[in-house]
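Below you'll find the structure, written out as structure tokens, and then a few comments.
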Amino acid sequence: MEIKDIMNFIYDELIKFAPVYHEDMKREKDGSIKIKSTNIVYNLEGMYKVSDISVRKDIPLIIDIWYLKEDLFEIEDMIYLIDKKLSDVTVNIDDKAFKISKDTAFLTNVPDPDLNIRRKRLRYVIKYYNY
């Protein structure tokens, strides 16, 4: 098992909704972001071992949905569908199991200096079990 297997699973689920990037949006030379439609960025923020369970490690999964202000209602529907695809899903790869669950702070709005761009952040925890 490699982490890339679970990353590929997440990518395959998210690409059904919009273009997907890993870690950051495609940026202009000056560092700014220009979007014409909805884009999704996902990131696995490292791994930490759960202290009282020796066979489990947790991996924070962050999904940012970048969109234009006028697409708000479509984005709310998209968030519902993404959550339906990912929340409480178990993925078995070889002798490993990955259980994806919502984090306690599941949905937040991330402010952007450009008033036409909006971003919503979804947080999940991937519980990684090694048998």
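Everything quoted here is computed from the prediction, not taken from an experiment.
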Sequence neighbours excluded and cut-off under 3.5 Å, please list the side-chain donor-acceptor pairs for residues 61-74, or say none.
| from | atom 1 | to | atom 2 | distance (Å) |
| --- | --- | --- | --- | --- |
| Asp64 | OD1 | Arg121 | NE | 2.7 |
| Asp64 | OD2 | Arg119 | NH1 | 3.2 |
| Asp64 | OD2 | Arg121 | NH2 | 3.0 |

Q: Taking Asp95 for its side chain and Ile93 for its backbone only, find out whether a donor-acceptor pair lies under 3.5 Å.
A: no
(Q) Are there over 12 heavy-atom neighbours, none belonging to Lys85, within less than 6.0 Å of that residue's NZ? (A) no
**Q.** Check: Ile79 main-chain N/O paired with Asp83 side-chain donor or acceptor under 3.5 Å
**A.** no
Q: Determine, step by step, whether Ile100 and Ser87 satisfy the side chain to side chain contact (heavy atoms under 4.5 Å, CB included) criterion, reporting the C-alpha distance in whole Å, the side-chain angles of both residues, the deciding distance to 0.1 Å, and the verdict.
A: CA-CA 6 Å; Ile100 303 173; Ser87 191; over 6 Å; no
Check: residues 16-23 side-chain donor-acceptor pairs under 3.5 Å, at least two apart:
| from | atom 1 | to | atom 2 | distance (Å) |
| --- | --- | --- | --- | --- |
| Lys16 | NZ | Glu13 | OE1 | 3.2 |

Q) At what distance, to the nearest 0.5 angstrom, does OG1 of Thr38 lie from CD1 of Ile75? A) 3.5 Å
**Q.** Joint cluster assignment, Ile15 & Met78, ILVMFWY side-chain distance < 4.5 Å
**A.** yes
Q) If you measure from OH on Tyr129 to CG on Asn92, what distance do you get to the nearest 0.5 Å? A) 12.0 Å
(Q) To the nearest 0.5 Å, what is the distance between CD1 on Ile40 and CD1 on Ile82? (A) 4.0 Å
Q. When rounded to the nearest 0.5 angstrom, what distance separates OH in Tyr128 from CD1 in Ile59?
A. 7.5 Å
(Q) Looking at Lys96, is its backbone amide N or carbonyl O close enough to the side chain of Asp94 to form a donor-acceptor pair, meaning the two atoms are under 3.5 Å apart? (A) no
Q. At what distance, to the nearest 0.5 angstrom, does CG of Leu107 lie from NZ of Lys120?
A. 5.5 Å
Q. What about Tyr80 and Tyr124, same hydrophobic cluster or not, with Ile/Leu/Val/Met/Phe/Trp/Tyr joined at side-chain heavy-atom distances under 4.5 Å?
A. yes
Q: Mark yes or no for whether Tyr11, through its side chain, and Tyr42, through its backbone, hold a donor-acceptor pair below 3.5 Å.
A: no
Q: Please identify each residue that fulfils salt bridge (Lys or Arg N to Asp or Glu O under 4.0 Å) with Arg123, with sequence neighbours left out.
A: none
Q. Picking from Val89, Ile126, Thr90, Ile10, what satisfies side-chain contact (heavy atoms from CB on, under 4.5 Å) with Phe98?
A. Ile126
Q. Rounded to the nearest 0.5 Å, how far apart are CG of Leu122 and CG of Asp103?
A. 11.0 Å
